[in-house]
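For reference, the structure is listed below as structure tokens.
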Amino acid sequence: MGKFWVIFVASISILLPFLCNSFSPETPTDRRVLVLLDDFAVKSSHSSYFNSLKLRGFDLDFKLADGPKIALQRYGQYLYDALILFCPSVERFGGSVDVAAIINFVDSGHDLIIAADVNASDLIREVATECGVDFDEDPSAMVIDHTGYAVSETEGDHTLIASDDFIKSDVIIGSKKIEAPVLFQGIGHSLNPVNSLVLKVLSASPSAYSANPLSKLSTPPSLTGSAISLVSVVQARNNARILITGSLSMFSNRFFRSGVQKSGSSTKYEKSGNEQFLTELSKWIFHERGHLKAVNVKHHKVVETDEPALYRINDELEYSVEIYEWSGTSWEPYVTDDVQVQFYMMSPYILKTLSNDKKGLYSASFKVPDVYGVFQFKVEYQKLGYTSLSLSKQIPVRPYRHNEYERFIPTAYPYYGAAFSTMAGFFIFSFVHLYNK
């Protein structure tokens with residue numbers, strides 16, 4: 001029995017890191033990634049992209065998308081912290097994975113990458129739709145651009161697009177400028193206008209359209225111009241991040257190493273911008289950049305250091321919070337000038353911009369309003385590319401007690417003087433009257 005117990009404990013100690021390993025704000029890069037493939041050949045044809053993840057410390061688990069034993073969770077615990085779907089043609093996921101399981105995975109705060117192509121199945125399209133984007137309904141359609149295509153040995157192939165219309169955000173695609181255009185060949189998608197969380201990261205040019213390249217246009221294409229998104233991202237309200245693109249080829253070694261020259265341009269690049277663009281974008285997707293945390297939220301009276309149980313109206317108080325950003329290896333002070341705190345009861349009574357000391361500490365001082373009730377300190381920080389912060393602390397505010405009011409109000413001194421003069425006159429009059437008697 002004792003031997004069995006030792007074996008059981010040893011087994012649990014081995015399994016627990018895998019069963020309980022989940023996204024931690026303290027170590028955003030210490031994560032396991034499940035990669036689902038149509039064919040294991042993709043593992044070698046896209047090895048440069050996978051190696052860039054491995055070099056940054058990610059543990060990639062490659063499985064066939066229709067494998068009978070794949071699962072995202074076991075015993076109520078998620079086995080992975082991110083999911084990569086490089087399986088555009090899969091008709092049905094294997095094991096316990098389905099569309100609902102993937103959406104629940106994201107809803108639980110995990111990250112997702114979806115890469116489709118011209119063979120995209122209805123299943124992959126459904127997952128993308130659930131994430132806020134819609135691929136072209138025509139299954140034979142590709143993005144075509146007769147003026148923004150890549151000059152290549154394949155004459156007349158205007159489905160190989162060279163795009164450099166990037167989102168203007170250093171947080172999402174890195175601060176280093178991407179000099180070379182990105183090669184894209186696949187299907188385009190549009191963003192759901194109802195979903196404000198979806199952003200275009202790489203857009204098609206105004207001359208692009210989506211259609212079957214092997215047939216003449218009989219009707220106007222449904223997707224045209226800059227409305228076509230080539231690569232989009234989503235940051236959910238729970239800070240989970242999603243990347244969606246209609247080109248699996250753009251992750252391939254061939255596209256990473258290909259030279260590129262955009263039509264109409266005399267500049268030829270020895271290497272496309274795919275590797276830089278997708279590597280930097282993956283850093284954002286996997287929270288290596290733009291990930292914030294708030295610690296040490298404090299408030300107290302200006303003359304004190306301890307947090308009180310309540311405040312009195314017109315008290316002078318100070319609120320402070322420390323905010324840090326993950327740099328990929330360590331937490332660094334986050335420096336900005338747009339963090340605000342609200343002193344809130346039904347609506348903000350005070351809205352104050354926090355000053356910072358350039359070391360991560362944000363603070364503000366203000367006077368409690370002349371209104372009593374239950375207030376909240378609230379910080380709701382949302383900025384493009386950064387994880388959102390939502391901080392709240394509740395505190396009651398009371399009125400003055402009867403013995404806390406000032407005995408004499410300075411502004412009423414003239415009235416006090418008049419009253420004193422009247423009383424003095426009355427006493428003098430009374431004294432004189434009694435004396436004469």
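Heavy atoms only: backbone and side chains are in, while hydrogens, waters and symmetry mates are out. Only a predicted model underlies this, so the values are computations on that prediction, with no experimental measurement involved.
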Qualifying ring-ring contact (aromatic ring centres under 6.0 Å, His included) pairs, either residue in residues 185-225, two or more places apart: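 Every ring-ring contact (aromatic ring centres under 6.0 Å, His included) pair that includes a residue of residues 185-225, provided the two are not neighbours, is Phe135-His189, His146-Tyr209.
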
Scan residues 225-255 for pairs that pass ring-ring contact (aromatic ring centres under 6.0 Å, His included), counting only residues two or more places apart or in two chains.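 Sorted result for residues 225-255: Tyr49-Phe251, Phe86-Phe251.
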
Among residues at least two apart in sequence or on other chains, which ones pass side chain to side chain contact (heavy atoms under 4.5 Å, CB included) with Asn253?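 Applying side chain to side chain contact (heavy atoms under 4.5 Å, CB included) to Asn253 gives Ser47, Ser48, Arg257.
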
Which residues pass the side chain to side chain contact (heavy atoms under 4.5 Å, CB included) test with Ser388, not counting sequence neighbours?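 Per chain and number, Ser388 pairs via side chain to side chain contact (heavy atoms under 4.5 Å, CB included) with Asn239, Gln382.
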
For Leu79 and Leu34: C-alpha separation, side-chain torsions, deciding distance, then whether side-chain contact (heavy atoms from CB on, under 4.5 Å) applies. CA-CA 9 Å; Leu79 304 173; Leu34 174 62; over 6 Å; no

Partner residues of [X] under the salt bridge (Lys or Arg N to Asp or Glu O under 4.0 Å) criterion, sequence neighbours left out:
{"X": "Asp306", "value": "none"}
{"X": "Glu280", "value": "Lys283, Arg289"}
{"X": "Asp170", "value": "none"}

Residue [X] excluded, over 12 heavy atoms near [atom1] under 6.0 Å:
{"X": "Lys393", "atom1": "NZ", "answer": "yes"}
{"X": "Glu304", "atom1": "CD", "answer": "yes"}
{"X": "Lys54", "atom1": "NZ", "answer": "yes"}

Do the numbers put Lys378 on top of the ring of Tyr344, so that NZ or CZ is under 6.0 Å from the six-membered ring centre and no more than 45° off the axis?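 Judged by the rule (NZ or CZ under 6.0 Å from the ring centre, within 45° of its axis), Lys378 counts as positioned above Tyr344.
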
Atom CD of Gln342 and atom OH of Tyr349: how far apart are they, to the nearest 0.5 Å?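 The CD atom of Gln342 sits 13.5 Å away from the OH atom of Tyr349.
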
Of the options Tyr386, Trp331, Tyr324, which is the one that meets His291 in a ring pair (Phe, Tyr, Trp, His ring centres under 6.0 Å)?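 Among Tyr386, Trp331, Tyr324, the one meeting ring pair (Phe, Tyr, Trp, His ring centres under 6.0 Å) with His291 is Trp331.
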
Once side chain to side chain donor-acceptor pair (under 3.5 Å) is applied, do any residues pair with [X], and if so which ones, sequence neighbours excluded?
{"X": "Asp164", "result": "Lys262"}
{"X": "Asp117", "result": "none"}
{"X": "Glu316", "result": "none"}
{"X": "Ser52", "result": "none"}

Judged by atom type as modelled, is there a donor-acceptor pair below 3.5 Å linking the side chain of [X] to the main-chain atoms of [Y]?
{"X": "His46", "Y": "Leu248", "answer": "yes"}
{"X": "Asp39", "Y": "Val42", "answer": "no"}
{"X": "Ser163", "Y": "Ala204", "answer": "no"}
{"X": "Ser263", "Y": "Val151", "answer": "no"}
{"X": "Asp315", "Y": "Leu317", "answer": "no"}

Would Asp111 and Arg241 pass as an ion pair if we require N to O under 4.0 Å?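 Salt bridge: no.
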
Please lay out, stage by stage, how Lys352 and Tyr319 fare under the test side-chain contact (heavy atoms from CB on, under 4.5 Å). CA-CA 10 Å; Lys352 191 91 171 179; Tyr319 176 88; over 6 Å; no

Could I get the full list of ring-ring contact (aromatic ring centres under 6.0 Å, His included) partners for Tyr362, not counting sequence neighbours?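 With neighbours one apart ignored, the set is empty.
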
